[in-house]
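Down below is the structure, laid out as structure tokens.
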2 protein chains.
Amino acid sequence: MRPSKRDELVRKALNIFYREGFHATGMDLLSGETGISKTTMFKHFHSKDELILAVLRLRDQDFRTWLFRRMAEAGEPRAQLLAMFDALAEWFAKPDFRSCMFIKAASEYPDPDHPIHVQSAEHKRMLFRQLQAIASEAGAKDPAGLARALLLLKEGAIVTAHLGHEADPAGDAKAIAEKLISAALD
Amino acid sequence: MRPSKRDELVRKALNIFYREGFHATGMDLLSGETGISKTTMFKHFHSKDELILAVLRLRDQDFRTWLFRRMAEAGEPRAQLLAMFDALAEWFAKPDFRSCMFIKAASEYPDPDHPIHVQSAEHKRMLFRQLQAIASEAGAKDPAGLARALLLLKEGAIVTAHLGHEADPAGDAKAIAEKLISAALD
DNA sequence: TTGAAAGTGTACAGATCAGTTCATTTTGGA
DNA sequence: TCCAAAATGAACTGATCTGTACACTTTCAA
């Protein structure tokens, strides 16, 4: 089995779903835009939902790899935590930024038991675990509490960057994070 | 003109869109669930998008009226600001809570120039203005900055309540808000 | 009571949706 | 070179989508 076509499909579908939305993107359009025949698409994935789940798995990998690599470059655990918001600022500045794929997925599949909704929630949990580990390394008194607070700031910044009129939501979030981190580590 | 049918339609459509999503809710289903004929629906609104815009206008009114009334009951401006998070906690606890309608609308209509997206952003701006006024009354050194920070916490709490596994996102947000308000008023 | 406005039910148009079928062509490794 | 796996294109199913047409009924106020 050669996985290249399948991977190519998932990666291209990711960009289109992210830009246009899930329901608004039909399989015919997807086939046309990717240049991959519908027959092949349905050979790799038995349904549109399965394709979306594969897209979300890829996005989860890509996003967490990107974010925590950026954070790791900052050095000390305490600096890593703050660096999350610098990474967010870069993301928001991209012209094709359109919010968080998992917030959007959960919005389009509101049933909490739907696999797409469940998998979106799982992404957030993975973020929490990794962030908690760094907060722990940094010597936080309550690593879980600090991780929850920083993630709350992250989600707020994303929504505000997408829907708000603010100049620098990532900067606002970072300023708050600095206070929280100082208080959590002293 | 008797507006009762029209209002009834908008109010019932609001609940269905909120529960099921916009694209996932067809006009036939809407007609069936509301008991209002499709002919009448399209006499009042020339398209589904127009109905959605009316739904969002109603939701904007309802939500801001509810939120700022709850806050006003808290008395002093400083207490009002904190009361926002108590109101959020009540909202999150409702069994039919499914995130913020405007975050969902912007997710389903990702084109920033789409009227539905524009109107969703406008809701957030209205929230900002009202919150800024209260921050100003409270004597904040930078009312706009405090309003931005509190709204960022609000959006983060909503997303976390919808998608996260946290026990009390509104409480987490409130704890952070307390620190910010104290620092902004001293 | 009457008459216009508002609402109904049904059937329909035309497009699009997810997903299938099948005969043909392309591909890449042995 | 050969062969099986992979991919293709195009037509097709049946359902659903937004929106329309039209004849009929209900409502309400003058």
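Protein chains get the first letters and strands the later ones, always in sequence-line order, with residue 1 at the start of each.
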Query raised in the report: For A/L9 and D/dA7, what is the distance between atoms CG and P respectively, to the nearest whole Å?
Result: 10 Å
Query raised in the report: Rounding to a whole Å, what distance do you find between B/F45:CZ and D/dT20:P?
Result: 15 Å
Query raised in the report: Between C/dA18 and A/H46, is there an OP1 or OP2 to side-chain N/O distance shorter than 4.0 Å?
Result: no
Query - Rounded interatomic separation in angstrom, taking CE from A/M41 and C1' from C/dT20 - result: 14 Å
Query raised in the report: CZ of B/R6 versus P of C/dA5: gap in Å, rounded?
Result: 18 Å
Report task. Select base, sugar-phosphate, or nothing to describe what A/T25 touches, counting heavy atoms under 4.0 Å on all strands. Result -> sugar-phosphate
Query raised in the report: Are any of A/K48's side-chain N or O atoms less than 4.0 Å away from OP1 or OP2 of C/dA18?
Result: yes
Requested in this report: Answer yes or no for B/R98 and B/Y18: cation-pi contact, defined as NZ/CZ to six-membered ring centre under 6.0 Å and angle to ring axis within 45°.
Outcome: no
Query raised in the report: Hey, does the side chain of A/K43 come within less than 4.0 Å of D/dT8's phosphate (OP1/OP2), counting only N and O?
Result: no
Report task. Find the distance between CD1 (B/I52) and CD (B/E108) and round it off to the nearest 0.5 Å. Result -> 8.0 Å
Query raised in the report: Given D/dC17, is OP1 or OP2 found less than 4.0 Å from the side-chain N or O atoms of B/H23?
Result: no
Query raised in the report: Any donor-acceptor pair under 3.5 Å joining the side chain of B/S47 to the base of D/dG19?
Result: no
Query raised in the report: Between A/T40 and D/dA6, is there a side-chain N or O to OP1/OP2 distance below 4.0 Å?
Result: no
Query raised in the report: Side-chain N or O of B/S37 less than 4.0 angstrom from OP1 or OP2 on C/dT8?
Result: yes
Query - Check ion pair A/K124-A/D60 (N to O, under 4.0 angstrom) - result: no
Query raised in the report: So, do A/F22 and B/H23 have ring centers that fall under 6.0 Å from each other?
Result: no
Query raised in the report: When you check the phosphate oxygens OP1 and OP2 of C/dT8, does a side-chain N or O of B/K5 lie under 4.0 Å from one of them?
Result: yes
Report task. Please tell me which of the listed nucleotides, C/dT20, D/dT18, C/dT10, lies nearest to the side chain of A/F42? Result -> C/dT20
Report task. Specify the separation, in whole Å, of atom CE of B/M27 and atom P of C/dT8. Result -> 14 Å
Requested in this report: State whether the distance check finds a donor on one side and an acceptor on the other, under 3.5 Å, for side chain B/K38 versus base D/dG19.
Outcome: yes
Requested in this report: Specify the separation, in whole Å, of atom CD1 of B/I36 and atom P of D/dT26.
Outcome: 18 Å
**Report entry** Distance flag, aromatic centroids of A/Y109 and A/H117, threshold under 6.0 Å
**Finding:** no
Report task. Could you tell me the separation between the CG atom of B/D28 and the C1' atom of C/dT8, rounded to a whole number of Å? Result -> 15 Å
Report summary line: Separation of D/dA6 atom C1' from A/E8 atom CD, nearest Å, is 13 Å
Query raised in the report: If you look at every strand shown and take non-hydrogen atoms under 4.0 Å, does B/G35 touch a base, only sugar-phosphate, or nothing?
Result: sugar-phosphate
